[in-house]
Each structure stands twice: as structure tokens, then as C-alpha cells.
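Inspection log for the structure reproduced underneath, given as C-alpha cells.
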Protein chains: 2
Amino acid sequence: MTASRVLRGEGGYSEETRVKVMEQVDILGYLPNRLATVFAGDQSSTFIGVSIPDLGNEVFAQVLEGIDRKLGTFGYQSVLGLTQHTQKEEENWIRTVLSWQPAGLILTGRYHSPRATEMLRNAGIPVVEIWDLNAAPLDMSVGINHFDSGFDMGRYLTSLGYKNLGYVGTSHDTANAATERLNGFCKAVEGAGGAVVKQLCLHDTATYYPGFYGTEQLLGSARDIECIFFQNDAMAFGGLQYCAGKGLSVPQDIGIAGWGDLPIASVMTQRLTSCHVSHLKLGQKAAEMMMGRLTDEPVPTCTDIGFRLIPGSTVRNAKA
Amino acid sequence: MTASRVLRGEGGYSEETRVKVMEQVDILGYLPNRLATVFAGDQSSTFIGVSIPDLGNEVFAQVLEGIDRKLGTFGYQSVLGLTQHTQKEEENWIRTVLSWQPAGLILTGRYHSPRATEMLRNAGIPVVEIWDLNAAPLDMSVGINHFDSGFDMGRYLTSLGYKNLGYVGTSHDTANAATERLNGFCKAVEGAGGAVVKQLCLHDTATYYPGFYGTEQLLGSARDIECIFFQNDAMAFGGLQYCAGKGLSVPQDIGIAGWGDLPIASVMTQRLTSCHVSHLKLGQKAAEMMMGRLTDEPVPTCTDIGFRLIPGSTVRNAKA
DNA sequence: AAGGCATAAGTTACCCGTAACGTAAAATGG
DNA sequence: CCATTTTACGTTACGGGTAACTTATGCCTT
């Protein structure tokens, strides 16, 4: 008991005793068992469960980095869960991670299985849903309005005179954010009298290759496409490479727009038209909201991190 | 106690009792507290601490993905630690994560602080050191020989006739792998009668921007450089963009070589000269070795995952 | 019907750190 | 110098799950 007091610096011991305890700590290489503390219910753990669809997507890697760095400054740890974009994986992971008594959970996306939702409610711990902005979150939410970002891109591209637009993306069970962007995009384009031809590479991950082959397929079936909006920048790069390989000049022969504004996009000589989202900041904000809740500070239930359209030079000039 | 038996399917209960227990589990939304099990020492946890320098580097994100996916198939979870390439951060993280009684640890790099090493030895749990191949690991190791990969690149580039070579990289306390590649590179180049001019962007992360500006600085101070070897592909892309912006043709005016073979490198029209390492496989192998040790299977202490030089088209042709 | 033996279910103790409470000695006060 | 307070340290109990052990019940055997 006295040793416990010394180790927690709680006071109520003499300097002489403190030294003796610390000596033994050194000799024994003693490390406290935090499991016992949490188990006894004296305090909550410093685990935060963090579910991320996949890390192959640079964007999510950055979100995770933002989360873990910020949590780290508070002495908290991320327990990772890669859900592969499926609710079933997410549900299983939630069940497992909850049995470890985490202090809170940060989940990507707003759609969860009914059982998952029930477990989350029963757990009685803070939950932050990130990525999709969610006006009615389980607990807290931080993200952007994907529909709006797709809409803005559609409005921008049609304002440049494009009428025949293409979309290249993948489709997962819960890739709802991308689907919402597509919906917003279509609404804007159709509202401006244009049309969108969609090319979905199902069961693929949203990276370079599907961008490359998706573009090939799209242009093979619809030759009059003037400009393509991709699910994300990685796919857009794949599309750019396809065009370069086929001798198609961008933006003279075809326009290319991505989404997410990867770091590499800003260093390329030809600036990729995209939509910037501060992924690192999103992650940090999620961690901050979590920590705010855990320290009983007032926390907004819903935070819009915002986005910014990047005109770039891979679509035709506004004056054209 | 009977409930415990039912939940573990241990046997020694009647069907009637089983049904009654499961009913109550449903009604109460009961989730077992795994903390208690581990705490009691009846079994070890299913946590594996995983330390990664940073996730901004796509390469490490892939390693982590490989680790977590594989661990997931065994019902284990990753507890993440981003060490920012510093031993001090790693040491602090190790101390914290050990207090949570993990089943094992996977650490990036072979150099740890003395205290960290001591804690790792005392912990008595499996440890896999990844990234650098380590013939004398604390416990187990999986990675590649970075010196050799740098050496091979140096030999390849000099075999093409390059004499005046440049290197652009960053330098962190523990970016030892990159330093070893550089050492191997220099040895090969100097052995072939060439010379290497180094440009280190200290205190920067090894991404596009430093690659861009590092190239600018290097070429500003040493105009006769024929070919530049970069710390990694991301920096090489930055260098490529610098060259494109300055009207320097690659490989006619200058050669560019990266390291790591990012996915995007293989879809570019101009194939980046690089060195391929299967990062996902590295992560999976690390997780497999960990699981093998935890299930008392015989596990090799040291696994070389290998690398493959990618000639690419950003350096002059062998016939030139 | 008594003895032997599965099977089902209950009881006790333990894991480790700490809250709550107890106690002895030293310090303080009038 | 005795009463009161403070300081330093000790004791007990608890948390949830489970190993090890005990008890109760029903079944079969001879």
C-alpha cells in the first residue's frame, strides 16, 4: 500500500521510504499492472478503439496518424481495427474491443450493424463517428458533408462548360461517403443540363490500378466523355497515367478531377483538380472531442471539418 | 461459475441451463470482461503492441496493414504506437504498453534505448523487430538488408556509366535503415570509382516536399550530378517534379532512382527506378512469427523478406 | 437396497492495485 | 505534561472471471 502511494506520488510517506521503494522498483524492474487498476474500476483504461476501413488508402492512414498522435499527447493508446469496409468486420471488432474496456471508440462511417449499434449504446462510453458528417450521431461526429463536396465539384466542372461527364469509382458495402459524393455530383451535373456516365469497379480497392482500368473501360464504352471525376486522387492518378499512355492530353483532350488532395497532388507540375480535406486535422479533432468528453468538458456533438475545392490544371480553364 | 462454463463452452452443464444462461446474456447484453481473465493470469491478452515510426510514410502504413490484418485472423488486436523515429518516444510507449500486459510486441527498427531493451527483456513476452534485418535480435526479426539494397542500387547505377551521383534524404535519430542504404550505396559507388554528393534535409519527414527542395539544393550546389538516389520513392517523386518544372528531361538530363516501390510507381508511364520490398508481406510475416511463438511452434529467429531492384526508365538505358 | 460413479452445480481462493479505514508514533498546543 | 492533531504506514475488502475443490443429484451395478 505504501509502495502504491509512492508510485502514484499521492503523498503520506516519508522521503526515506520513497527512496527505499524506488530502489526496489529499480532492482525488480517493476512495472505496474494497469489492468488491475482498470479492473478494480478505480479508473477507466487509456485505450481508445479506432476503426479504419483500410490503410492502403493514404487518406485513412493520415486520419489514423492524426488520431494516434493526439491521443498520445494525452497518454492514451489506439487499439486498431481494420474493417475492410464491411459492417460485419466492424461488428466483430467492436465486440472484441469492448471486452477490453476501452475508454472510448472512434469509428469511421455512420452506418453500423444493428447489433453493433446496440453494443455501442450499452457500453456507455464516448463514441466519435468520423468521416461522414452525421447530424444525428450515436454520440459525437466529426467529418465533412460528402454530398456537398460532390455537388460543388459537379457545379464547378459544369461551370467550365463540361456536359458529358464520367465517374470512376469502386463500391463497397459501406463506402457510403463516396456514394454520397457521387450523388451530389450527379445532382449538380444533371441540374446544369449535363449527364454522368458511371463506371464502378466493384470489389476493388480504390487505388491506382482500378483508376487506370476503370478509365480504360469508361472511355471504351463512352468515347464522348469530356471530363472524369474519380472517387479519389489515387484513382485519378491511375486515370492520368492511362491518358498519358494513350496520348490523351489533359486537360486539352479530357479533364481529370480527383478527390482528397493527396500530398503528392500539390507537388506535381500539373496540379490535380481535387477537393482538399485536412485528414490529419480530422483525426486530431476526433481525438480532441474524445478527450474532451472523457474530461467532462462540453463538446459539440457534431463538427464540420470542411473542404476546399482545388481548381487545379487537369480540367479546362474557366475562360475556355 | 456455471455461466462462465457455458460461455466458454467448457462442458459440465445441462442443455436447459445453457439456454437459460444464453437468455440472460441476451437480455442483459452481457459482454465478458476480458480484463478480468487476463488479470487473473489465467491466460494472456490478445493485444500486440505495434510501434511504427509514422504513417505519413505509405510504406509503414502498408506494413501496419499487413500486421493488423494477419493478427486479426487470429483474433488479436494491434495497439498502435507512433514513435516519430525517436528512441525516447519508443521507450515511453513501451513502458505504457507493457503495463497493459500485451501478449507480444512488434517494433520497427533494431535500435532501442538501454531502458527499453531492459524492459523488453524483463517482460518475458515475444518481440519481433521488423524492417532492419537483425542477425542478433532481442527475440525475433524480419526485414531486409538495407545496406545490401543500397549497395545493389549503387552497383546498378554505376554499371550504367554514372560517375557523379547524388543522394537526397532526411535524417532522423533512428532512420538507421536509410542510413545503411546510403552507406551501402556509397560503398558500391566509390568501389566503382564514382562519387556521391549527399544532400540531407535534416528534421524533415521523408516525403514529396523535401524531395523537391532537396533536389533543388543538391543541383544548386553540385551541377554535374548525373543521377540522384533518393531515400524513398516519395522523395524521388518530389525530385521528378522538380526536374519536370525546371525542364530537365529524365533520364536524358538526369537520372532518378527511388526506394520502396510505391504502388503508384508501377502505374506511372515512366517507370520509376526503385527497389521493391513487399511491405504487406513483411507485416504479415511479422504477425505470423508472433503468432507462431505464442502457439509454441518453432519459429526462425531471423527472416529475410528480400528485395528486388526495379530498373525502371528514370535512369539511362544499360546500352547507353 | 447399499455402494460406486458419472454429471451438474455451487464454493472458495486468487490475480494486483487502491479506496476506505485503522493504528501507532511523532509533532503541536495550551 | 497531557490532550489533540498530524504524519506515516498497515489492514481489509473489492473488482470479474476461473482453477481447483466440494457438494448434491440421479443413475447404474450387484
Side-chain angles (χ1 to χ4, degrees), chain A residues 1-47 49 75-77 79 94-104 119 122-125 294 296, chain B residues 1-47 49 75-77 79 94-104 119 122-125 294 296:
Chain A
M1 193 58 221
T2 296
S4 173
R5 277 191 270 255
V6 170
L7 286 167
R8 285 176 295 141
E10 196 207 46
Y13 49 84
S14 66
E15 175 59 18
E16 192 195 2
T17 307
R18 195 190 64 78
V19 170
K20 278 199 289 186
V21 169
M22 296 315 280
E23 265 173 28
Q24 290 302 313
V25 165
D26 244 30
I27 291 167
L28 300 168
Y30 171 83
L31 280 180
N33 182 346
R34 297 269 283 122
L35 245 43
T37 311
V38 176
F39 169 60
D42 297 322
Q43 42 183 284
S44 78
S45 77
T46 56
F47 294 132
Y76 279 64
Q77 293 80 43
V79 178
I94 288 173
R95 197 190 324 279
T96 305
V97 86
L98 280 181
S99 72
W100 293 111
Q101 318 294 116
M119 287 189 286
N122 288 343
I125 56 173
L294 289 172
D296 286 324
Chain B
M1 191 59 223
T2 297
S4 173
R5 277 191 271 254
V6 170
L7 286 166
R8 284 176 298 141
E10 195 207 47
Y13 49 84
S14 65
E15 175 59 18
E16 191 195 2
T17 307
R18 195 191 63 78
V19 170
K20 279 200 288 186
V21 169
M22 295 316 279
E23 266 173 27
Q24 290 302 313
V25 165
D26 244 30
I27 292 168
L28 299 168
Y30 171 84
L31 281 181
N33 181 347
R34 297 269 284 122
L35 244 43
T37 311
V38 175
F39 169 60
D42 297 322
Q43 41 182 286
S44 78
S45 77
T46 56
F47 295 133
Y76 279 64
Q77 293 79 43
V79 178
I94 289 174
R95 196 189 324 278
T96 305
V97 86
L98 281 180
S99 72
W100 293 112
Q101 318 295 115
M119 287 189 285
N122 287 343
I125 55 173
L294 289 172
D296 286 323

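What you see is a predicted model; the values in this text were computed from it and never measured. Naming convention: chains lettered A, B, ... in sequence-line order (proteins, then strands); numbering from 1 in each chain.
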Base versus backbone protein contacts along nucleotides 10-16 of chain D [heavy-atom cut-off under 4.0 Å; B, S, -]: BB---BB

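- A:Q77 and A:T46 form a side-chain donor-acceptor contact under 3.5 Å, judged by distance and modelled atom types alone.
- The shortest side-chain heavy-atom distance between A:R5 and A:M1 falls under the 4.5 Å cut-off.
- For the residue pair A:R95/A:S99, the side-chain donor-acceptor check at 3.5 Å is not satisfied.
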For side chain to side chain contact (heavy atoms under 4.5 Å, CB included), just list the numbers for A:V38 and B:W100, CA-CA rounded to whole Å, side-chain angles, deciding distance to a tenth of an Å, and then say yes or no. CA-CA 10 Å; A:V38 176; B:W100 293 112; 3.5 Å; yes

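- Put simply, CG on B:L35 is 15 Å from C1' on D:dT18, counting in whole angstrom units.
- Distances shown here put a side-chain N or O of A:S4 below 4.0 Å from the OP1 or OP2 atom of C:dT18.
- The list of ring-ring contact (aromatic ring centres under 6.0 Å, His included) pairs with a residue in residues 20-39 of chain A, not counting sequence neighbours, reads A:F39-B:F39.
- The side-chain contact (heavy atoms from CB on, under 4.5 Å) search around A:Q43 returns A:R34, A:T37, not counting sequence neighbours.
- For the pair B:D42 CG and C:dA13 P, the computed distance is 17 Å after rounding to whole Å.
- In this structure, A:L31 CG and B:M119 CE are separated by 6.5 Å, a value rounded to the nearest 0.5 Å.
- The residue B:Q43 sits apart from the nucleic acid: no heavy atom pair falls under 4.0 Å.
- Two residues are said to be in side-chain contact when any heavy atoms from C-beta on lie closer than 4.5 Å; A:I125 and A:L294 fail this criterion.
- Taking atom CH2 on B:W100 and atom P on C:dC15, their separation rounds to 21 Å, with Å as the unit.
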Detail all sub-3.5 Å separations between protein N/O atoms and N/O atoms belonging to nucleotides 4-6 of chain D.
none

Do B:M22 and B:V19 pass the side chain to side chain contact (heavy atoms under 4.5 Å, CB included) test, and can you show the C-alpha distance, the side-chain angles, and the key distance before you say yes or no? CA-CA 5 Å; B:M22 295 316 279; B:V19 170; 5.9 Å; no

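- Within the 4.5 Å cutoff, no side-chain heavy atoms of A:Y76 are placed close to those of A:S45.
- At the phosphate of C:dT18, OP1 or OP2 sits under 4.0 Å from a side-chain N or O atom of A:R8.
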Mind listing the side-chain donor-acceptor pairs of residues 9-18 of chain A below 3.5 Å, one per line with the distance, residues two or more places apart or on another chain?
unit_1 : atom_1 : unit_2 : atom_2 : d
A:S14  : OG     : A:T17  : N      : 3.2
A:S14  : OG     : A:T17  : OG1    : 2.8
A:E15  : OE1    : A:R18  : NE     : 3.2
A:E15  : OE2    : A:R18  : NH2    : 3.1

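- Taken residue by residue, residues 11-25 of chain B places heavy atoms nearer than 4.0 Å to DNA chain C at B:G12, B:Y13, B:S14, B:T17.
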